[in-house]
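All residue numbers refer to positions in the sequence shown, counting from 1.
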Amino acid sequence: MLLPALLLAAVPQTAPEPVATVRVAFDAKRETGVATAGYADLAAKRPVTPDDPVRIASVSKLVVAIGVLRLVEQGKLNLDADVSQALGRKLRNPAFPETPVTLRLLLSHRSSLTDTVDYVLPLDADMAGVLADPRAWDAEHAPGTFFRYTNFNFPVIAAVIERATGERFDRLMDRLVLKPLKLDACYNWASCAPATAARAVVIYRAKQPTKDDNQGTAPACAVTPAADGSCDLAKWRAGANGAIFSPQGGLRISARGLAKIGRLLLNRGKADGVRLLTRKSVALLETPLWVFDGSNGDTSNGFYCSYGLAMTFLPTARPGCSDNLFGDARPRLGHGGEAYGLRSGLWVDRAAGTGIAFFATDVPDTTGARSAFTPVEEALAAPPR
């Protein structure tokens, strides 16, 4: 176990230490370093390990993109087709009714959807009604013209791929990505074994549990219950509610499992002898589709400045950008995550053939010394001393 004082040397002394930190470094062939500190469950004093599953937040989106590209390779999806056909209903920004919304736009946060409406929907919600609300859309920018990081894009993507395949989103992701890579992971616990859920990393804010306080057992309901409190997944209907399994942030995966996703990228679609994506699909993932030019997107205070198919590119040497997580000029690609007091990241240095996967729980929302990321993330991005 790496001592917290070494792992978090760059964190200001006045900042409270996270409850748990895990960092896994890797190259194309293997893990090259593992560091852990703190507790997966503070109340039980259970030390965190690199194999404990955690709600990895928005890094979940990158894994969804891998699943989408597998379906594109199989001819079941088209990145540039109007998703209305797959959904079985018209999807349009009411302010721009002639402009189609595509998977490419949804994956790259250029669909003109917004998070001004609640995208965490109960089990029995009708997502079509939420999407029909003009408040869900950006009335000033047509699809394809503006970047705005929007979680709601991914429940829509989940609905599209459910309709295209007839499969439940969590099971589909298990079949397409998680099972072939032998990852003990799942979206919203629904397709994880009870023993896996029992090892959950509890997420905290100010030492209070905010998510996955499973207390050594599987949760009674793996998803957000229906409006009446019931939790019957047999009521699922393909494409009716793509938010059920939290595609935007609900992947439960270990840091070690996340590192395998990173090795898949480094090996251009292959990990541990398993070819999951073609080299062409990986090249699509690694292509920026939007770069901030001063007015063509919302950077979230400099956090997002270059983005592709659920892929973030660092750093961006342009005015208004503060995405230099690693403090150097080396290009990296991957995705960060933030939710309920957790911070996470999967970052790959293609030129060096290396990468890191990490997470920390109970991280204050403060800005780092060199970027819009937190001091904890900046410390975890730095090589161990």
Side-chain angles (χ1 to χ4, degrees), residues 24 26 28-31 49-57 59-77 107 154 157-201 212 218-219 222-223 233-234 236 238-239 242 244-279 281-282 285 309-310 335 337 344 346 355 357 359:
V24 178
F26 55 89
K29 294 181 179 179
R30 62 183 69 85
E31 293 174 6
T49 81
D51 296 305
D52 293 333
V54 68
R55 188 187 191 280
I56 207 65
V59 189
S60 306
K61 296 178 174 70
L62 176 53
V63 181
V64 171
I66 292 171
V68 168
L69 286 175
R70 290 211 70 195
L71 293 172
V72 170
E73 290 178 1
Q74 295 168 15
K76 295 180 180 178
L77 292 175
L107 285 163
F154 281 75
I157 293 167
V160 170
I161 63 179
E162 284 188 346
R163 288 275 300 184
T165 63
E167 295 179 66
R168 218 173 73 181
F169 171 78
D170 62 319
R171 293 173 175 169
L172 181 64
M173 290 302 298
D174 187 58
R175 178 175 68 81
L176 291 174
V177 182
L178 306 177
K179 188 173 289 183
L181 294 178
K182 298 181 180 178
L183 295 173
D184 188 8
C186 55
Y187 280 80
N188 263 14
W189 297 123
S191 52
C192 267
T196 302
R199 303 195 327 270
V201 175
D212 290 345
V223 301
L233 286 176
W236 167 85
I244 292 174
F245 302 101
S246 301
Q248 73 280 357
L251 176 63
R252 271 65 171 188
I253 191 171
S254 68
R256 179 160 276 153
L258 197 62
K260 184 177 280 192
I261 298 291
R263 288 194 288 114
L264 177 84
L265 297 174
L266 281 177
N267 285 299
R268 303 187 189 279
K270 189 175 181 179
D272 295 345
V274 176
R275 169 64 65 183
L276 201 70
L277 289 176
T278 65
R279 295 172 71 92
S281 290
V282 175
L285 275 177
L309 296 175
H335 214 289
S344 60
L346 173 64
F359 70 82

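Between Val201 and Phe359 there is a side-chain heavy-atom pair separated by less than 4.5 Å.
The backbone N or O of Asn188 lies less than 3.5 Å from no partner atom in the side chain of Asp170, so there is not a single donor-acceptor pair. The main-chain N or O of Gly250 is found under 3.5 Å from a side-chain atom of Arg252 such that the two form a donor-acceptor pair. Side-chain N or O atoms of Arg175 include none that pairs as donor or acceptor with a backbone N or O of Val177 at under 3.5 Å. Under a 3.5 Å cut-off, the side chain of Arg70 and the backbone N or O of Leu276 do form a donor-acceptor pair. Side-chain atoms of Glu73 come within 3.5 Å of backbone N or O of Thr278 as a donor-acceptor pair. Of the possible donor and acceptor atoms, none in the side chain of Lys260 sits under 3.5 Å from a partner among the backbone N and O of Leu183.
Atom-to-atom distance recorded for Ile253:CD1 and Cys186:SG is 9.5 Å, nearest 0.5 angstrom. Here Ile56 contributes atom CD1 and Leu251 contributes atom CG; the two are 7.5 Å apart, rounded to the nearest 0.5 Å. Taking CG from Leu264 and CZ from Arg275, the interatomic distance works out to 8.5 Å, rounded to the nearest 0.5 Å. In this structure, CD in Gln74 is found 10.0 Å from OG1 in Thr165, a value given to the nearest 0.5 Å. Rounding to the nearest 0.5 angstrom, the gap separating the NZ atom in Lys61 from the CD atom in Gln248 is 6.0 Å. Considering CZ of Arg168 and CG of Asp174, their distance stands at 10.5 Å, rounded to 0.5 Å.
For Asp184 and Thr196, the side-chain atoms include at least one donor-acceptor pair closer than 3.5 Å.
The minimum heavy-atom distance between His335 and Val59, with the atom names listed, is O-CG2, 3.6 Å. Heavy atoms only, all atoms of each residue included: Leu266 and Ala28 are closest at CD1-N, 3.7 Å. Taking every heavy atom of both residues into account, Arg199 and Asp52 meet most closely at O-CB, 3.7 Å. Residue Ala190 comes nearest to Phe245 through the heavy atom pair CB-CE2, 3.7 Å, listed as atom of the first residue, atom of the second, then distance. In this structure, Gly249 and Arg55 approach most closely via the heavy-atom pair O-NH1, 3.0 Å. Shown here for Ala57 and Ser344, the closest heavy-atom pair between the two residues is CB-OG, 4.2 Å.
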Before giving the answer on side chain to side chain contact (heavy atoms under 4.5 Å, CB included), spell out for Leu77 and Val68 the whole-Å C-alpha distance, their side-chain angles and the decisive distance to 0.1 Å.
-> CA-CA 8 Å; Leu77 292 175; Val68 168; 4.2 Å; yes
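Comment: Lys182 does not engage Asp272 in a salt bridge, judged by the lack of any side-chain N to carboxylate O separation of less than 4.0 angstrom.
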